[in-house]
Amino acid sequence: MTSFLPGKTWVRDRCDGPLVIAHRGASAHAFDNTMRAFRVAHELGADMWEVDVRLTKDGVPVAFHDEDLRKTCGVDRLLCDVSAEELFEMTALAGRQAPAFSQVARLAAELGAGIYLDAKEGHAASLAIENLVENRIERVIVGANTPEYCAELIAGGCPYPVSILVGPGRDPFAIASACGAELVHPCWEQASDRPDRLLDDTFFRKANSLGLPVVTWHEERADVLAELVQMPILGICSDKPEMVRPYSSDPLHVPEIVCHRGACRIAPENTGASARTAWDGGFDYVEIDVRETADGQLVLHHDETLERTTTGTGPLAGRNLRELQKLDAGNWFDAFFKGIRLPTLSEFVLLAAKGNRKLYVEIKQADAVKTAEEVLGNLSHEQVFFWSFDQSRMMQIRKAYPNARLMVRPEDYETLEDCLSAYDADIVEFNARNANPGDVATVRAAGRKVMLAYMGDDLNVLSELAQLQPDLLNVNEPFLVRKMFIQSEKDGTSDG
């Protein structure tokens with residue numbers, strides 16, 4: 001059997017934009033260097049995962065950043081003084097189990113992800129590299145924090161390209177030339193508010209003359225990322241990989257995406273965390289559910305009762321706001337989100353207004369006019385649309401706010417004509433069962449927008465819905481939809 005020999009030339013062959021490298025996994029959405037962080041990174045579209053590797057007392061390479069357990073477990077012990085079994089047990093009790101690096105390598109092979117290996121210790125990195133080769137992972141970069149270790153890796157015949165990490169105020173090219181690094185990685189996230197401006201034409205001419213691809217620091221500032229993605233960079237690290245290659249409905253001529261309860265597969269539904277993830281991913285709308293408390297306050301919550309998504313019990317309508325805000329609305333989803341509170345509508349609308357974002361507001365059980373007043377007092381009519389199972393609420397909003405945008409569903413009426421005339425809705429939502437080209441054409445002829453709703457993850461269904469060329473898609477899996485449209489564009493089969 002021929003041994004697997006990874007190549008190094010791939011780092012110079014890329015021409016379709018920077019690789020998305022999830023820093024310690026999607027560490028803005030999960031505990032860093034955990035299996036969940038790496039799985040979420042994959043869902044968010046990351047091409048590679050940056051992984052820190054260290055050795056336990058019994059010589060097991062593990063994905064772990066710190067040299068001690070104080071931050072992760074509240075224990076004053078060095079990682080090198082505990083066995084792998086002890087580490088797994090302690091981190092599991094802390095709600096963020098550290099994985100063996102071999103688990104990470106197997107997952108990367110399964111999902112087709114690359115690895116950016118941050119070599120914290122020499123022998124740990126050597127064993128990790130063996131795992132990567134065993135799993136036949138081609139796309140790997142080994143990062144060295146010191147010139148000495150970089151030179152040692154290269155002299156030792158590292159089968160993967162080696163990058164030198166360089167802090168602010170140091171010349172990355174002089175250091176790379178001295179130690180033989182095959183890539184440069186400026187760690188300049190704290191150099192200024194706009195570190196991207198340090199990567200000027202002179203910088204890239206020098207990098208090109210030396211044949212050195214460039215990987216950047218972890219970056220989560222939208223204005224900085226917007227500039228970095230235009231540069232001749234091999235890869236960009238980020239705690240929020242969704243920000244590096246965001247969805248855009250404009251240039252691709254694809255639907256506006258409505259994220260049902262936010263990015264509800266990544267973060268707890270109807271929270272600021274799920275909304276920010278959706279908007280950071282470039283998606284257009286976040287759908288929210290509004291209910292009214294016993295003391296007349298408007299809050300975001302889907303269910304009539306509290307059990308499923310909070311630490312409370314019983315009907316939400318029977319509790320006042322002060323009681324509700326003592327509940328935990330995040331830990332049910334994952335321990336990473338422990339402590340998130342149930343948001344008020346006013347807080348959420350201000351969050352949307354601050355970022356000039358869009359909302360789809362579903363009124364579950366609340367005063368319709370009061371809800372519309374709160375929303376439209378901060379967002380323009382173009383930034384929001386409303387819907388409720390209770391059609392009388394829609395009538396109330398239409399009367400109080402004639403310019404408000406409303407949604408309607410054909411399934412709630414005997415005929416499509418009745419649906420269109422009910423309250424002169426601006427958006428008509430079909431689902432995967434009742435959507436058809438004829439009705440879509442009728443809605444368009446009536447001057448209304450078409451929205452298709454599908455909460456599943458079957459790509460065949462999503463593809464069939466996309467072929468109807470809706471104006472909006474209301475989905476639980478926005479990142480899967482993004483992947484679908486990116487792939488169709490690459491294949492030259494975009495439906496636009």
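The first residue of the sequence shown is numbered 1, and numbering continues consecutively from there. Keep in mind it's a predicted model, so treat the numbers as computed, not measured.
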Side-chain donor-acceptor pair under 3.5 Å between [X] and [Y], yes or no?
X    : Y    : result
E287 : N270 : no
W188 : Q190 : no
T293 : D295 : yes
T305 : E307 : yes

[X] versus [Y], closest heavy-atom pair with distance:
X    : Y    : value
F38  : E50  : CE2-O, 4.0 Å
D47  : R139 : O-NH2, 3.3 Å
A105 : I137 : O-CD1, 3.4 Å
C187 : W217 : CA-CB, 4.0 Å
A273 : F337 : CB-CE2, 4.1 Å
L234 : V11  : CD1-O, 3.6 Å

With a 6.0 Å cut-off (strictly less than), is the heavy-atom count around [atom1] of [X], excluding the residue itself, greater than 12?
X    : atom1 : answer
R308 : CZ    : yes
E304 : CD    : no
D193 : CG    : no

Closer than 4.0 angstrom, basic N to acidic O: yes or no for [X] and [Y]?
X    : Y    : value
K57  : E85  : no
E67  : R54  : no
K370 : E292 : yes
R77  : D68  : no
R70  : D76  : yes
D284 : K358 : no
K364 : E362 : yes
E43  : R265 : no

Original post:
Under 3.5 Å, side chain of H185 to main-chain N/O of T216, donor-acceptor pair present?
Top reply: yes
Show me the donor-acceptor pairs, under 3.5 Å and distance only, between side chains in residues 146-159 and residues at least two apart or in other chains.
residue	atom	partner	partner atom	Å
T146	OG1	Y149	N	3.1
Y149	OH	G122	O	3.4

**OP:** Would you give the length of the straight line joining atom OG1 of T311 to atom CG of L342, rounded to the nearest 0.5 angstrom?
**Re:** 10.0 Å
Subject >> Audit row: K240, D280, salt bridge (Lys or Arg N to Asp or Glu O under 4.0 Å) steps and yes/no >> reply: CA-CA 8 Å; K240 298 181 176 183; D280 283 344; 3.4 Å; yes
Subject >> Sub-6.0 Å ring centroid separation between F173 and F203 >> reply: yes
Subject >> With N474, the side-chain contact (heavy atoms from CB on, under 4.5 Å) member among Y360, Y454, Y285 >> reply: Y360
**OP:** Quick one: list whatever passes side chain to side chain contact (heavy atoms under 4.5 Å, CB included) with H218, sequence neighbours left out.
**Re:** H23, E189, E220, C237, D239
Original post:
What's the verdict on salt bridge (Lys or Arg N to Asp or Glu O under 4.0 Å) for D223 and R221, showing C-alpha distance, side-chain angles and the deciding distance?
Top reply: CA-CA 6 Å; D223 54 352; R221 290 163 287 196; 5.6 Å; no
Original post:
Looking at D118, T72, D52, which one forms a side chain to side chain donor-acceptor pair (under 3.5 Å) with N33?
Top reply: D52
**OP:** Determine which pairs satisfy salt bridge (charged side-chain N to carboxylate O under 4.0 Å, His left out) with at least one residue from residues 89-102, sequence neighbours left out, and list them in order.
**Re:** D32-R96
